[in-house]
Amino acid sequence: KSDASAVDPKTIVQTPEKDAAAKKLFMQADLSYDIMMRIKLYDPTTDDLNRDNVEKKINLMQDEFGKAVKIYNQIINESESHLWSVSSMARMGMMMQHFGEEYANIKPPKGLSKEETAAYQSKMQSISEKFMENALNLYMGVHYASADLKVNNDIIADAEKRLAALQKK
């Protein structure tokens with residue numbers, strides 16, 4: 001049973017105006033993307049001394065992630081620009097991957113017992129794996145959508161490289 005309201009994306013006429021409007025939104029989202037991607041959740045020179053730093057950085061990353069994703073989703077759902085919609089999916093994958101890598105690198109607080117350390121590491125690994133799985137799924141979507149819609153740029157090419165690297169792991 002097909003949904004009569006569903007539109008085949010390939011039938012949407014692409015125009016320079018649609019692309020320009022979507023690119024403008026994309027650049028706004030990229031401001032938060034850039035901030036988020038510069039955040040490192042764990043720095044042994046400061047975070048072993050003050051574990052609140054890690055929590056503050058997690059909150060900042062989540063805030064910037066939320067701001068960017070809101071705009072990227074707007075582009076995907078409303079822009080009618082294939083190029084910037086697929087690029088938005090790629091950026092969301094990159095943010096998920098960054099979260100996953102950062103959670104994998106968080107060290108347990110000092111002073112924990114062996115059992116508490118193991119539980120902490122297991123929890124961080126589990127969170128990391130979920131983010132990496134989401135990143136992989138988004139990159140797969142980028143791969144298929146970019147091929148189907150015949151769009152490409154440096155962002156999409158980077159997502160393709162990241163997909164290939166994640167698939168090797």
Side-chain angles (χ1 to χ4, degrees), residues 22-23 25-77 83-147 149 151-169:
K23 182 178 181 180
L25 281 174
F26 187 88
M27 291 170 64
Q28 289 172 0
D30 262 7
L31 294 174
S32 289
Y33 167 85
D34 289 339
I35 292 169
M36 188 201 144
M37 296 299 280
R38 286 194 304 264
I39 298 170
K40 301 293 180 208
L41 289 182
Y42 180 76
D43 175 0
T45 61
T46 59
D47 296 334
D48 282 340
L49 301 173
N50 184 356
R51 292 303 292 190
D52 289 342
N53 285 342
V54 175
E55 192 64 36
K56 287 176 186 173
K57 288 188 268 187
I58 289 171
N59 290 335
L60 179 58
M61 279 181 75
Q62 288 173 334
D63 288 347
E64 296 303 327
F65 176 83
K67 290 176 194 174
V69 165
K70 182 178 179 181
I71 298 171
Y72 291 139
N73 277 326
Q74 181 183 352
I75 294 166
I76 292 166
N77 295 321
L83 177 64
W84 296 108
S85 292
V86 176
S87 297
S88 292
M89 286 174 50
R91 281 291 202 238
M92 288 192 290
M94 292 169 191
M95 290 188 303
M96 290 286 184
Q97 183 177 359
H98 182 65
F99 259 124
E101 290 168 348
E102 288 301 309
Y103 270 99
N105 292 328
I106 293 177
K107 303 294 183 241
K110 291 183 178 182
L112 297 179
S113 68
K114 286 183 181 181
E115 295 82 18
E116 291 169 326
T117 297
Y120 185 90
Q121 290 172 324
S122 177
K123 180 180 178 184
M124 294 302 109
Q125 186 62 37
S126 176
I127 292 169
S128 173
E129 288 171 2
K130 288 175 186 168
F131 278 113
M132 296 305 277
E133 182 180 331
N134 287 334
L136 184 64
N137 289 335
L138 283 160
Y139 293 150
M140 290 295 294
V142 168
H143 174 76
Y144 290 115
S146 64
L149 299 170
V151 293
N152 201 0
N153 62 15
D154 290 343
I155 298 161
I156 294 168
D158 186 21
E160 292 281 357
K161 288 177 190 169
R162 290 167 179 253
L163 172 62
L166 287 177
Q167 287 176 325
K168 287 181 183 176
K169 290 185 179 184

Item to complete: Check step by step if side-chain contact (heavy atoms from CB on, under 4.5 Å) holds for Val86 and Leu149.
Response: CA-CA 9 Å; Val86 176; Leu149 299 170; 4.2 Å; yes
To the nearest 0.5 Å, tell me how far [X] [atom1] sits from [Y] [atom2].
{"X": "Ile71", "Y": "Ile76", "atom1": "CD1", "atom2": "CD1", "value": "12.0 Å"}
{"X": "Ser87", "Y": "Met92", "atom1": "OG", "atom2": "CE", "value": "11.0 Å"}
{"X": "Ile39", "Y": "Asp63", "atom1": "CD1", "atom2": "CG", "value": "9.0 Å"}
{"X": "Tyr42", "Y": "Lys57", "atom1": "OH", "atom2": "NZ", "value": "9.5 Å"}
{"X": "Leu138", "Y": "Met94", "atom1": "CG", "atom2": "CE", "value": "10.5 Å"}
{"X": "Leu41", "Y": "Leu60", "atom1": "CG", "atom2": "CG", "value": "9.5 Å"}

Minimum heavy-atom distance between [X] and [Y], given as atom pair plus value:
{"X": "Ser128", "Y": "Ala104", "value": "OG-CB, 3.5 Å"}
{"X": "Ala159", "Y": "Val142", "value": "CB-CG1, 4.0 Å"}
{"X": "Leu163", "Y": "Leu136", "value": "CD1-CD1, 3.5 Å"}

Are the side chains of [X] and [Y] in touch, meaning some heavy atoms are under 4.5 Å apart?
{"X": "Met36", "Y": "Phe99", "answer": "yes"}
{"X": "Ile106", "Y": "Val54", "answer": "yes"}
{"X": "Met140", "Y": "Met89", "answer": "no"}
{"X": "Ser126", "Y": "Lys130", "answer": "yes"}
{"X": "Leu166", "Y": "Tyr139", "answer": "yes"}
{"X": "Met132", "Y": "Gln97", "answer": "yes"}
{"X": "Gln74", "Y": "Lys70", "answer": "no"}

Discussion item. Please determine whether the number of non-hydrogen atoms from other residues, nucleotides or ligands lying under 6.0 Å from atom CG of Asp154 exceeds 12.
Written reply: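 No.
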Discussion item. For Tyr72, give me all partners under ring-ring contact (aromatic ring centres under 6.0 Å, His included), at least two apart in sequence or on another chain.
Written reply: Phe26
Worksheet item: Can any side-chain N or O of Asn153 pair as donor or acceptor with the backbone N or O of Ile156 at less than 3.5 Å?
Response: yes
Worksheet item: Is it true that Asp158 and Arg162 make a salt bridge, defined as a side-chain N closer than 4.0 Å to a carboxylate O?
Response: yes
Worksheet item: So, Glu64 and Lys67, do they make that salt bridge, N to O below 4.0 Å?
Response: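 Lys67 and Glu64: salt-bridged.
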Worksheet item: Passes side-chain contact (heavy atoms from CB on, under 4.5 Å), Tyr103 versus Ile58? Steps please.
Response: CA-CA 9 Å; Tyr103 270 99; Ile58 289 171; 3.5 Å; yes
Item to complete: Mind running side-chain contact (heavy atoms from CB on, under 4.5 Å) on His98 and Phe131 for me, showing each step along the way?
Response: CA-CA 8 Å; His98 182 65; Phe131 278 113; over 6 Å; no
Acceptor/donor pairs from residues 117-124 side chains to any protein atom, 3.5 angstrom cut, sequence neighbours excluded:
from, atom 1, to, atom 2, distance (Å)
Thr117, OG1, Ser113, O, 2.9
Tyr120, OH, Arg51, NH2, 2.7

